[in-house]
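Input: a single structure, listed below in structure tokens.
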Amino acid sequence: MLALDAASLYHTPLEKRECAMRILGLETSCDETGVAVYDSERGLLAHALYSQIALHAEYGGVVPELASRDHVRKILPLIKQVLEESGSSSDDIDGIAYTSGPGLIGALMVGASMGRSLAYAWKVPAIGVHHMEGHLLAPMLEANPPVFPFVALLVSGGHTQLVKVAAIGEYELLGESLDDAAGEAFDKAAKMLDLDYPGGPQIAKLADSGVDGRFVFPRPMVDRPGLDFSFSGLKTYTLTTVAAHKRENGLPDDQTCADIACAFQTAVVETLVIKCKRALEQTGLKTLVIAGGVSANKKLRADLEIALAKINAKVFYARHEFCTDNGAMIAYAGCQRLLAGQHEGLAVNVKARWPLNTLTPL
């Protein structure tokens, strides 16, 4: 049976679809299990997310084997829940989208195997979705979505990239982090201050009580041309500052910790804002999309809106619940590719690394 052409298993020919499609989306790339049902005419019908933060918190970061096992436990109950909440049965699903990379291989295999198996059983096409394309398109789920072309800042735990987006699948990499991503830098700075995992929200919360200007951290790579990023030096500067002010318990006093968090967040945010402005000016575009977990940072959103208003540009982002990994963005991205006639074969393919600019344009 595995030797059959995948197209022979589907209810409809694998060609560009003009009618509506209802897509089940599965996201299991790291430490969140996300499931959603998206309808190309009616929009997002239902979604659910299970976070593994509590599971990994005691280790200070994601343990891949534990993440994979937890996806196995949670994915099927979430699928049943979302189908029920969307008023859908298996007969209503026209295709399945699952994250196939980049991410943790074991975690990716859970969602990809489930998605490919359900598609086989239900005789519908399946599509493997690029995780960062999902993030990039997440603002399209909002009532006022951005219009192509635009510049996208993809900023998450594992990625910091500036991308010129002409259309879905037409991506030009403008700049990226040469070492730590912004999200990784947030997590590492949080560990230095003995904050809980994940570090980004904890740093932001602590920074609210910090004194702005007591410490001034460097803005890496803003004094040279180009759109690449580097946050490893900022991480080292933070470590040195913490060490210079530590007490007998190994940490600075509470106010100093807050002041350091404030300085660190300000440095990261200002660096991102400067590079985003530069990317818009170099491309001549007036629309910026920010996506990924760090895009939920309130200071980043506020500072970008102020900076871009000065150059008559606008910034778009997804609601907070769709900034983190989620099934809704995968369902939407997969729906666009399935509508265009793209699909996967019967093999289950996942990729730990997958350059965004290698995707097939629609």
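Predicted model, so just to flag it, every value in this text is computed and none were measured. In what follows, residues are counted from 1 in the order of the sequence shown.
Checked against a 6.0 Å centroid threshold, the rings of Tyr59 and Tyr197 do not count as neighbours.
There is a path of hydrophobic side-chain contacts, each under 4.5 Å, that joins Trp354 to Leu173. Linking Ile, Leu, Val, Met, Phe, Trp and Tyr residues whenever their side-chain heavy atoms come within less than 4.5 Å places Leu359 and Tyr332 in a single cluster. Hydrophobic cluster membership differs between Val110 and Val348, with clusters built from Ile, Leu, Val, Met, Phe, Trp and Tyr side chains linked at under 4.5 angstrom. By the criterion of side-chain heavy atoms lying less than 4.5 angstrom apart, applied directly or through intervening Ile, Leu, Val, Met, Phe, Trp or Tyr residues, Tyr317 is grouped together with Val269 in one hydrophobic cluster. Val165 and Leu174 fall into different hydrophobic clusters, where Ile, Leu, Val, Met, Phe, Trp and Tyr residues are linked whenever their side-chain heavy atoms come under 4.5 Å apart, directly or through other members.
Inter-residue side-chain proximity for Val242 and Pro252 is flagged as met; some heavy-atom pair is nearer than 4.5 Å. Within the 4.5 Å cutoff, no side-chain heavy atoms of Glu176 are placed close to those of Leu162. A 4.5 Å side-chain heavy-atom check between Leu76 and Lys80 finds at least one atom pair inside the cut-off. By the 4.5 Å heavy-atom criterion applied to side chains, Leu195 and Ile203 are counted as neighbours. Using a 4.5 Å heavy-atom threshold, the side chains of Gln282 and Arg278 count as touching. Annotation: side chain of Val82 is not in contact with side chain of Leu45 (no heavy-atom distance under 4.5 Å). Side-chain contact check for Cys257 versus Leu206: some heavy-atom pair is nearer than 4.5 Å. In this structure, Tyr38 and Leu24 have side chains that are not in contact, with every pair of non-hydrogen atoms separated by 4.5 Å or more.
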Evaluation steps, side chain to side chain donor-acceptor pair (under 3.5 Å), between His131 and Thr99: CA-CA 6 Å; His131 179 73; Thr99 305; 4.6 Å; no
Worked check of side-chain contact (heavy atoms from CB on, under 4.5 Å) between Tyr98 and Val129: CA-CA 6 Å; Tyr98 55 86; Val129 173; over 6 Å; no
Pair Val37-Ile23, side-chain contact (heavy atoms from CB on, under 4.5 Å): steps then yes or no: CA-CA 6 Å; Val37 172; Ile23 305 302; over 6 Å; no
Full working for salt bridge (Lys or Arg N to Asp or Glu O under 4.0 Å) between Arg247 and Asp253: CA-CA 7 Å; Arg247 300 173 298 169; Asp253 61 75; 5.6 Å; no
ring-ring contact (aromatic ring centres under 6.0 Å, His included) between Phe150 and Phe316, intermediate numbers included: CA-CA 10 Å; Phe150 54 76; Phe316 292 80; 8.2 Å; no
CA sep, side-chain torsions, deciding dist, call: Lys286, Lys314, side-chain contact (heavy atoms from CB on, under 4.5 Å): CA-CA 6 Å; Lys286 293 294 184 180; Lys314 294 186 66 176; over 6 Å; no
Residues Ile290, Val315; criterion side-chain contact (heavy atoms from CB on, under 4.5 Å); working and verdict: CA-CA 7 Å; Ile290 56 171; Val315 58; 4.2 Å; yes
Test ring-ring contact (aromatic ring centres under 6.0 Å, His included) applied to Phe217 and Phe264, step by step: CA-CA 6 Å; Phe217 285 12; Phe264 175 83; 7.0 Å; no
Chi angles and distances behind the side chain to side chain donor-acceptor pair (under 3.5 Å) call for Asp179, Ser230: CA-CA 6 Å; Asp179 39 60; Ser230 172; 2.6 Å; yes
Residue pair Thr256, Asp259: steps toward the side chain to side chain donor-acceptor pair (under 3.5 Å) verdict: CA-CA 5 Å; Thr256 298; Asp259 296 343; 5.1 Å; no
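No more than 12 heavy atoms of other residues, nucleotides or ligands lie within 6.0 Å of CG in Asp254, so this atom counts as exposed by the packing criterion.
The closest donor-acceptor contact from the side chain of Asp303 to the backbone of Leu300 lies at 3.5 Å or more, if one exists at all. Side-chain atoms of Asn326 come within 3.5 Å of backbone N or O of Phe322 as a donor-acceptor pair. Ser68 places a side-chain N or O within 3.5 Å of a backbone atom of Ala107 that can act as its donor or acceptor partner. In terms of modelled atom types and a separation under 3.5 Å, the side chain of Arg116 and the main chain of Gly345 share a donor-acceptor contact. Between the side chain of Ser86 and the backbone N or O of Leu83, at least one donor-acceptor pair lies under 3.5 Å. Thr358 places a side-chain N or O within 3.5 Å of a backbone atom of Pro355 that can act as its donor or acceptor partner. Without hydrogens or angle criteria, Lys275 side chain to Met221 main chain gives a donor-acceptor distance under 3.5 Å. In this structure, the side chain of His245 engages the main chain of Thr241 through a donor-acceptor pair within 3.5 Å.
In terms of heavy-atom proximity, Cys30 sits nearest to Ala67 at O-CB, 3.6 Å. The heavy-atom pair separating Leu308 from Lys277 by the smallest distance is CD2-CG, 4.0 Å. Closest non-hydrogen pair, Ala258 versus Ser209, comes out as CB-OG, 3.6 Å. Taking each heavy atom of Leu339 and Ser40 in turn, the nearest pair found is CD1-CB, 4.0 Å. Between Glu85 and His47 the shortest heavy-atom distance is OE1-O, 4.2 Å. Smallest separation of non-hydrogen atoms from Asp187 and Gly199: OD1-N, 2.8 Å.
Separation of atoms SG (Cys335) and CD1 (Ile330) is listed at 13.0 Å; rounding is to 0.5 Å. Note: Lys191 NZ to Leu239 CG = 13.0 Å, rounded to the nearest 0.5 Å. With values rounded to the nearest 0.5 angstrom, Asp196 atom CG is found 12.0 Å from Glu58 atom CD. A distance of 8.0 Å separates CG in Leu49 from CG in Asp325, rounded to the nearest 0.5 Å.
Checked by atom type, the side-chain pair Arg337/Thr360 shows no donor-acceptor distance below 3.5 Å. Between the side chains of Thr33 and His71, a donor-acceptor pair is found at a separation under 3.5 Å. For the residue pair Tyr50 and Asp31, no side-chain donor N or O sits within less than 3.5 Å of a side-chain acceptor on the partner. Under the 3.5 Å distance criterion, with hydrogens and angles disregarded, no donor-acceptor pair is assigned to the side chains of Arg301 and Ser295. For the residue pair Glu27 and Ser29, a side-chain donor N or O sits within less than 3.5 Å of a side-chain acceptor on the partner.
The aromatic rings of Phe229 and Phe231 sit parallel, their planes meeting at an angle under 30°, below the 60° perpendicular limit.
We find that Asp94 and Arg22 are not joined by a salt bridge, their nearest charged nitrogen and carboxylate oxygen being 4.0 Å or further apart. Salt-bridge formation is detected for the pair Glu142/Arg319: a Lys NZ or Arg NE/NH1/NH2 atom is positioned less than 4.0 Å from an Asp or Glu carboxylate oxygen.
Here the rule is side-chain contact (heavy atoms from CB on, under 4.5 Å) with Met132, and of Val163, Leu154, Leu137 only Leu154 fits it.
Identified under the side-chain hydrogen bond (donor to acceptor under 3.5 Å, both in side chains) test for residues 148-175, with sequence neighbours left out: Glu133-Tyr171.
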